[in-house]
Amino acid sequence: DAGVIQSPRHEVTEMGQEVTLRCKPISGHNSLFWYRQTMMRGLELLIYFNNNVPIDDSGMPEDRFSAKMPNASFSTLKIQPSEPRDSAVYFCASSSAGESGDTQYFGPGTRLTVL
Amino acid sequence: SQQGEEDPQALSIQEGENATMNCSYKTSINNLQWYRQNSGRGLVHLILIRSNEREKHSGRLRVTLDTSKKSSSLLITASRAADTASYFCATDARGAQKLVFGQGTRLTINP
């Protein structure tokens with residue numbers, strides 16, 4: 001299995017631009033999680049999906065952030081417009097939901113820099 | 001507020017020594033997990049301990065859980081340079097699928 005795949009691995013953009021991060025979960029996993037990691041705030045859960053349905057988006061910082069999961073094998077996290085404070089590493093993780101707190105498998109992350 | 005808090009924030013030891021990291025949490029849990037993150041990489045799951053378990057082993061890893069104190073410890077025995085990484089505990093809130101991660105312990109193994 002290829003594991004969780006994220007693209008791009010690195011993204012450098014200018015303030016005000018739209019940024020789209022992509023994730024392909026492990027085949028057969030039915031839960032998908034988006035995290036953001038910074039030195040100041042650590043690892044924060046932004047949103048997670050069960051069977052392609054958003055369950056908890058309470059961690060999404062503001063309306064500039066949106067996430068979709070059109071099918072079981074693809075999810076996007078979009079930031080529009082981007083700001084310098086959005087600079088962070090964004091991780092996608094997936095799990096096979098059977099009970100609360102199942103093991104999560106993380107992708108390599110997307111390092112976003114907003115200038 | 002964060003569910004898990006690791007202690008210490010940073011730990012530096014000599015190769016071959018044992019490393020112990022602690023985690024405290026606030027609410028009732030179903031299980032607690034430990035993850036490792038190498039620099040520039042995603043997190044990798046190490047071990048899961050359920051709320052009805054007190055101790056669990058996996059290779060050189062030993063995890064304990066004390067639900068009365070809401071705390072857990074991760075012991076890495078006979079440390080190796082390759083163990084240099086950040087270690088995170090993660091807890092689930094009862095009935096919720098999401099995990100909440102602590103700030104992590106940065107472990108450095110000196111050769």
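Lettering of chains follows the sequences in order, A, B, ..., and the numbering in each one begins at 1. Keep in mind that the numbers below use all heavy atoms, side chains included, and drop hydrogens, waters and symmetry copies.
- Two different hydrophobic clusters hold A:Phe65 and A:Tyr35 under the rule that ILVMFWY side chains link at heavy-atom gaps under 4.5 Å.
- Annotation for A:Phe91 and B:Gln37: closest pair CZ-NE2, 3.4 Å, computed over non-hydrogen atoms.
- A continuous path of ILVMFWY side-chain contacts below 4.5 Å connects B:Tyr87 to B:Leu11, so both sit in one hydrophobic cluster.
- At a heavy-atom separation below 4.5 angstrom, chain B is approached by A:Arg9 within residues 5-21 of chain A.
- Connection of A:Leu45 to B:Phe88 is established within a shared hydrophobic cluster, with ILVMFWY side chains joined at heavy-atom distances below 4.5 Å, either directly or through further cluster members.
- No part of A:Tyr105 comes within reach of chain B, as not one of its non-hydrogen atoms sits under 4.5 angstrom from that chain.
- A single hydrophobic cluster is seen to contain both A:Phe106 and A:Val89, as judged by linkage of ILVMFWY side chains at heavy-atom distances under 4.5 Å, directly or through other members.
- Taken together through direct or relayed side-chain contacts under 4.5 Å among Ile, Leu, Val, Met, Phe, Trp and Tyr, B:Leu46 and B:Leu65 form part of one hydrophobic cluster.
- The minimum heavy-atom distance linking B:His45 with A:Gln104 is given by the pair CB-O, 4.4 Å.
- Using a 4.5 Å heavy-atom cut-off against chain B, the contacting residues of residues 55-62 of chain A are A:Asp56, A:Ser58.
- The side-chain heavy atoms of B:Tyr35 and A:Leu43, taken from C-beta on, include no pair separated by under 4.5 Å.
- Applying the side-chain hydrogen bond (donor to acceptor under 3.5 Å, both in side chains) definition to pairs two or more places apart or across chains, those involving residues 66-84 of chain B are B:Trp34-B:Ser72, B:Arg54-B:Thr67, B:Arg60-B:Asp83, B:Thr64-B:Ser73, B:Asp66-B:Ser68.
- Remark: B:Leu99 CG to A:Tyr48 OH distance equals 9.5 Å, nearest 0.5 Å.
- By the neighbour-count criterion of 12 heavy atoms within 6.0 Å, atom NZ of A:Lys68 is sparsely surrounded, having that number or fewer from other residues, nucleotides or ligands.
- If you take CG on B:Asn31 and OG1 on A:Thr103, they are separated by 8.0 Å, rounding to the nearest 0.5 Å.
- Residue A:Asn71 qualifies as enclosed at atom CG: its count of foreign heavy atoms under 6.0 Å is above 12.
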Kindly list each side-chain donor-acceptor pair under 3.5 angstrom involving residues 104-111 of chain B, sequence neighbours excluded, with atom names and distances?
from, atom 1, to, atom 2, distance (Å)
B:Thr105, OG1, B:Pro8, O, 2.5
B:Asn110, ND2, B:Ser12, OG, 2.8
B:Asn110, ND2, B:Ile13, O, 3.3

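- The two residues A:Phe33 and B:Lys98 make their nearest non-hydrogen contact at CE2-CA, 4.2 Å.
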